Amino acid sequence: MRLAELLKAKMSFSFEVFPPKTDAGVETLRQALKHYYAFKPDFISCTYGAGGSNAGRNVEVCSIIKQDGMTEVMTHYTCIGHTKETIAQELRQYLSLGIENILALRGDLPAGWDGTHGDFSNADGLIRYIKAVFPQFCIAAACYPEKHILAPSFSADIAHLRGKQEAGAEFLVSQLCHDVEACKCFVYRIREAGITIPIVIGIMPVLDKDAIIRMTLSNGCSIPADLAAIIGRYGDRPEEFKKAGIEYTINQIYRYIEAGIGGVHIYTLNKWEDVETILVGSGIRKDI
Ligand code: FAD
């Protein structure tokens, strides 16, 4: 099913997983997926290593989700470093497996990369290409409620985002944004700018102090006062930090749902036990 159709009808609820590197990791993920399915998600997305690193495992994971038949699947796909020929070959493979939803991204070149940037410098070019050559795909694009770290200004970033809608993106999936008020402002601004497609908000669970600081700052996102207070109070006590972080994440989910967003997309970090605690706490699905 094309996810854009689903998003027209309801607020979605979904998970993001990443492809493990080893066979044992894939087996662990298979078991975790069973726990995610129990929450009846509308879809599960799987990340793709920019430049094609671990691309085989991405296809394997997408294919497992598709074959399990418990939910829809969306693959992430990055164009950086790829030629049109490679892209066409990989997209044909997804279609042959019945995968018809794609989050079309630029990606960041991996450290030490010595090849070219490939045939597309930005995601809008990739989106336009997919729309023209592989119209079977429902295309999603990334958005950044606190601005992409490299964008020279908010207005420039929003103009580029509008370019992705014009190129053929049918919905947006956001970067993590702990600051719900900043995100509401962003949604207001992009609607004013003529971006009308639904926005699914990415929620990063707060579980580990160092990891949350690293992921937040490396993506150019802010740490609001209430999260800073948790870091200050429980930073040296990992168990208590996780407990407070889970509560914080549950509260964020409530606030985002209240704000009337298009969907909630949980970055699982492949940690199903903690994700389960968060979902049970937030009452997202009562019928489990
Ligand atoms: P773009 O839309 O191309 O934007 C990148 C920058 O260029 C922005 O500053 C933008 O303002 C600017 N820009 C855009 N269009 C133009 C233009 N036409 N001309 C000039 N400048 C322009 N990375 C992975 O490697 N694998 C993943 O699976 C993955 N999944 C992600 C999922 C989500 C929900 C998000 C938010 C990000 C994900 N990323 C992933 C990270 C992403 O690849 C990086 O953030 C990357 O730097 C930008 O990708 P993009 O598609 O947003 O790029």
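Quick caveat: nothing in here was measured; it's all calculated off a predicted structure. Atoms within each ligand, like the ligands themselves, are counted from 1 in listed order.
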* Polar proximity ligand 1 side, Tyr48 side, N/O cut 3.5 Å exclusive -> yes

* To do: Measure the shortest side-chain to side-chain distance between Arg2 and Glu5 over non-hydrogen atoms and say whether it is less than 4.5 angstrom.
  => yes

* Asked: Can the ring centroids of His82 and Phe120 be said to lie less than 6.0 angstrom from one another?
  -> no

* Asked: Does ligand 1 have an atom under 4.0 Å from some heavy atom of Tyr144?
  -> yes

* To do: Around atom 35 (C) of ligand 1, find the nearest protein heavy atom and jot down its residue, atom name and distance.
  => Ala142 CB, 3.9 Å

* Does ligand 1 have a heavy atom under 4.0 Å from the side chain of Val173, from its backbone, from both, or from neither? -> both

* Asp108 to ligand 1: N or O pair under 3.5 Å? -> yes

* Side chains of Asn58 and Thr75, donor plus acceptor under 3.5 Å -> yes

* **Ser174 contact mode with ligand 1 (heavy-atom cut-off under 4.0 Å)** => backbone

For residues 147-155, which side-chain donor-acceptor pairs fall under 3.5 Å, sequence neighbours excluded?
{"residue": "Lys147", "atom": "NZ", "partner": "Ala151", "partner atom": "O", "Å": "2.4"}
{"residue": "His148", "atom": "ND1", "partner": "Leu150", "partner atom": "N", "Å": "3.0"}
{"residue": "Ser153", "atom": "OG", "partner": "Ala156", "partner atom": "N", "Å": "3.0"}

* ligand 1-proximal atoms of Arg106, by part, heavy-atom distance under 4.0 Å -> both

* Asked: For ligand 1, does Asp124 get within less than 4.0 Å through its side chain, its backbone, both, or neither, judged by non-hydrogen atoms?
  -> side chain

* ligand 1 versus Leu103: contacting region, heavy-atom distance under 4.0 Å -> side chain

* To do: Could you see which bit of Phe120 sits under 4.0 Å from ligand 1, with heavy atoms only: side chain, backbone, both or neither?
  => neither

* Asked: Quick one: does ligand 1 sit under 4.0 Å from the side chain of His265, the backbone, both or neither, non-hydrogen atoms only?
  -> neither

